[in-house]
Structure formats: structure tokens, C-alpha cells
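Just so it is clear, the values below take in all heavy atoms, side chains as well, and ignore hydrogens, waters and symmetry mates.
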Amino acid sequence: MIRNWGTEAAGALRRPSAPVTHTLIAVCCLVFLIGPASGLDPGYGTGDELLAAQRGYFRRWGVIPADLFEGSPWSALTPATALFVHGSWVHLLGNMLFLHVFGRMTEARMGRLRFTLFYVGCGHLALLGYAVANADSEQSLVGASGAISGILGAFLFLFPRARVTSLLPFLFFLPVRFPAWVVLPFWVALQWLAAGQASDGPGVAYLAHLVGFGLGFCWAWARSTGATTVRSAPAPAPEGENQQ
């Protein structure tokens with residue numbers, strides 16, 4: 001596991017303004033706190049009653065691959081609602097940490113509106129990709145991991161030399177710093193290996209991570225190769241004036 005606690009990129013602002021990133025974090029945290037997964041609302045009960053409430057909550061707001069392509073209008077909306085639902089405190093805090101670290105600089109580079117559409121689009125397609133590959137699954141799929149993985153993919157293309165501070169278990173969790181082009185491909189390799197060993201039961205949807213990462217990287221690459229810069233010739237200076 002790699003846990004990323006901070007980044008900085010040459011030429012980027014130290015504290016980029018990122019209102020969309022902060023809003024997404026706030027919404028995800030609020031949705032979690034008022035839902036049964038947080039365990040803070042006594043109205044959901046305790047013990048088996050709480051577990052039943054959590055299962056019902058995830059089935060209502062999460063993506064169920066077996067139901068997604070049956071034509072139900074509500075099921076078609078669940079890839080959007082599932083982006084803001086998390087299954088546990090660890091799930092929420094891990095995702096929000098990655099979103100905070102990598103989302104700010106990515107938003108600053110893309111712009112607010114484009115970043116918002118990018119986030120929702122990557123998350124939606126990552127969930128759909130997982131659902132297509134597991135069309136018979138009855139398990140609920142929730143979380144912003146697919147969208148955040150898209151941000152990681154875009155970050156790798158946009159800021160490949162950014163220094164990422166990480167805690168590595170095999171180095172006794174000592175903080176070390178590597179460029180993004182080292183850390184993020186290693187993260188992808190871990191997701192790939194984990195996806196190959198994943199079972200059909202409850203767990204982490206590693207495939208959604210891979211789909212989101214690939215979409216994010218390809219989107220940033222396509223925007224870069226499709227962009228052109230036009231440099232217009234300066235207008236002639238009026239007589240008697242110099243222009244530099």
C-alpha cells in the first residue's frame with residue numbers, strides 16, 4: 001500500500017485555489033455522516049438492525065451491476081449517486097485524502113468547470129466499466145474511488161515530475177519522496193495485481209480504479225495533443241511610437 005500525504009510541482013502554486021475539490025470533500029463527508037455507515041445516527045439502531053440499514057442504504061444509492069442494465073430509470077442514476085456514498089470510515093478518509101492531495105493541483109490546471117465534468121465523467125464511466133465486467137453481480141458498488149483514480153491518471157500526465165511524499169510499509173513507514181512517474185505507476189501495478197486476485201464477494205473494486213486511472217490519463221493526453229497554440233503577430237505601432 002502507498003499512502004500519499006503531499007505533493008508539490010515545479011512551477012505550480014504552493015496553495016492552489018480548489019473550491020470544487022473542497023466542495024466534493026465536504027459533500028462526501030456530509031453524506032457519510034448522516035448515513036448509517038458512520039454509525040453516528042442512533043435512528044438506524046445498533047447491531048443487526050444497523051447492519052440491515054447499511055445494506056439497504058447501499059442497495060438504494062449504490063450501483064448493482066445485475067440491475068443496472070435492466071432499464072430501470074433509478075438504476076441508471078446510481079452511478080452518479082454512488083460517487084458520494086462510502087462504506088466505512090477508512091473508505092471515506094482514504095478517498096478524501098487522495099482527493100485533497102491530488103485534486104487541488106489538477107483542478108487548478110484544468111479549471112473549475114472542466115474539473116467538475118471530468119470528475120463526474122470519470123467516476124461514472126469507471127463504475128459502468130466495473131458493472132459491465134461483472135454484469136451478474138448483486139453486490140452494491142459505492143465510493144468515489146473511480147473518479148479519484150481518474151484524477152491520479154490525469155495528475156500523472158500533467159505533473160509527472162511532482163514530488164510525492166509516501167509512506168512505504170517495507171521501509172517501516174518512513175516518509176520518502178519520489179516523482180509521480182514512479183509512485184503512480186507503482187500504485188497502478190498494485191491495483192492490477194489486486195484485481196487479478198479479487199473474489200466475487202464484498203471487497204474493493206480494483207477494476208474500477210484501473211478504468212478510472214486509464215480514463216484520466218487518456219483524457220489529459222488527448223487534451224494535450226489536441227490543443228494548439230496560435231501566436232498572432234503584434235499590430236504595427238503607430239508612427240512615432242516604439243513597441244517592444
Side-chain angles (χ1 to χ4, degrees), residues 1-7 9 12 18 20-21 24-25 28 63 65 79-80 82-87 90-110 114-134 141-168 178-198 203-226:
M1 178 185 297
I2 298 180
R3 297 182 180 179
N4 304 291
W5 301 98
T7 61
V20 175
T21 297
L24 290 171
I25 292 173
C28 287
V63 174
L83 288 177
F84 301 96
V85 178
H86 290 83
V90 173
H91 189 201
L92 173 75
L93 296 177
N95 275 352
M96 295 305 99
L97 175 61
F98 272 73
L99 178 56
H100 173 71
V101 169
F102 293 98
R104 293 174 301 156
M105 290 171 59
T106 307
E107 178 185 346
R109 173 65 66 88
M110 290 185 179
R114 186 176 296 171
F115 178 78
T116 302
L117 297 176
F118 169 83
Y119 180 90
V120 174
C122 276
H124 197 102
L125 291 175
L127 291 169
L128 285 179
Y130 179 89
V132 170
N134 299 271
L141 181 63
V142 297
S145 301
I148 296 170
S149 297
I151 292 175
L152 299 184
F155 189 95
L156 175 60
F157 184 87
L158 296 172
F159 307 105
R161 298 182 181 178
R163 306 293 294 184
V164 179
T165 303
S166 306
L167 299 180
L168 303 180
F178 295 106
W181 65 265
V182 173
V183 174
L184 293 179
F186 182 63
W187 177 85
V188 171
L190 292 179
Q191 304 304 301
W192 180 272
L193 293 174
Q197 300 174 359
V204 180
Y206 295 105
L207 179 60
H209 299 179
L210 294 171
V211 173
F213 187 92
L215 288 171
F217 186 89
C218 291
W219 186 92
W221 174 80
R223 290 290 304 178
S224 175
T225 57

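- Within the model, atoms CG of L184 and CZ of F157 stand 14.0 Å from one another, a figure rounded to the nearest 0.5 Å.
- Across every non-hydrogen atom of A131 and V63, the tightest pair is CB-CG1, 4.4 Å.
- A distance of 6.5 Å separates CG of L24 from CZ of F115, quoted to the nearest 0.5 Å.
- Nearest approach of A205 to L141, heavy atoms of both residues: CB-CD1, 3.4 Å.
- The side chain to side chain contact (heavy atoms under 4.5 Å, CB included) check on V188 picks up L210, F213, with sequence neighbours excluded.
- Between M105 atom CE and L158 atom CG the span is 9.0 Å, to the nearest 0.5 Å.
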Below 3.5 Å, can you tabulate the donor-acceptor pairs from side chains in residues 145-155 to any protein atom, sequence neighbours excluded?
unit_1 : atom_1 : unit_2 : atom_2 : d
S145   : OG     : N95    : OD1    : 3.2
S145   : OG     : N95    : ND2    : 3.2
S149   : OG     : S145   : O      : 2.7

### Task
Just do the side-chain contact (heavy atoms from CB on, under 4.5 Å) check on R223 and F118 with the steps written out, would you?
CA-CA 12 Å; R223 290 290 304 178; F118 169 83; over 6 Å; no
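- In this structure, the side chains of L83 and L127 come closer than 4.5 Å at one or more pairs of heavy atoms.
- A180 and L156 get closest at one heavy-atom pair: O-CD1, 3.6 Å.
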### Task
Assess whether side-chain contact (heavy atoms from CB on, under 4.5 Å) is satisfied between E107 and Y119, documenting all intermediate values.
CA-CA 10 Å; E107 178 185 346; Y119 180 90; over 6 Å; no
### Message
Please determine whether side-chain contact (heavy atoms from CB on, under 4.5 Å) holds for the pair V211 and L207, giving the CA-CA distance in whole Å, both sets of side-chain angles, and the decisive distance to 0.1 Å.
### Response
CA-CA 6 Å; V211 173; L207 179 60; 4.3 Å; yes
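- Note: Y130 OH to H209 NE2 = 10.0 Å, rounded to the nearest 0.5 Å.
- Between the CZ atom of F159 and the OG1 atom of T106 there is a distance of 6.0 Å, given to the nearest 0.5 Å.
- Atom CZ of F98 is separated from atom CG of L93 by 12.5 Å, given to the nearest 0.5 angstrom.
- Looking at every heavy atom in both residues, M96 comes nearest to C28 through SD-CB, 3.8 Å.
- Between L215 and C122 the shortest heavy-atom distance is CB-SG, 4.1 Å.
- Listed here is the closest heavy atom pair of T21 and L99: CG2-O, 3.6 Å.
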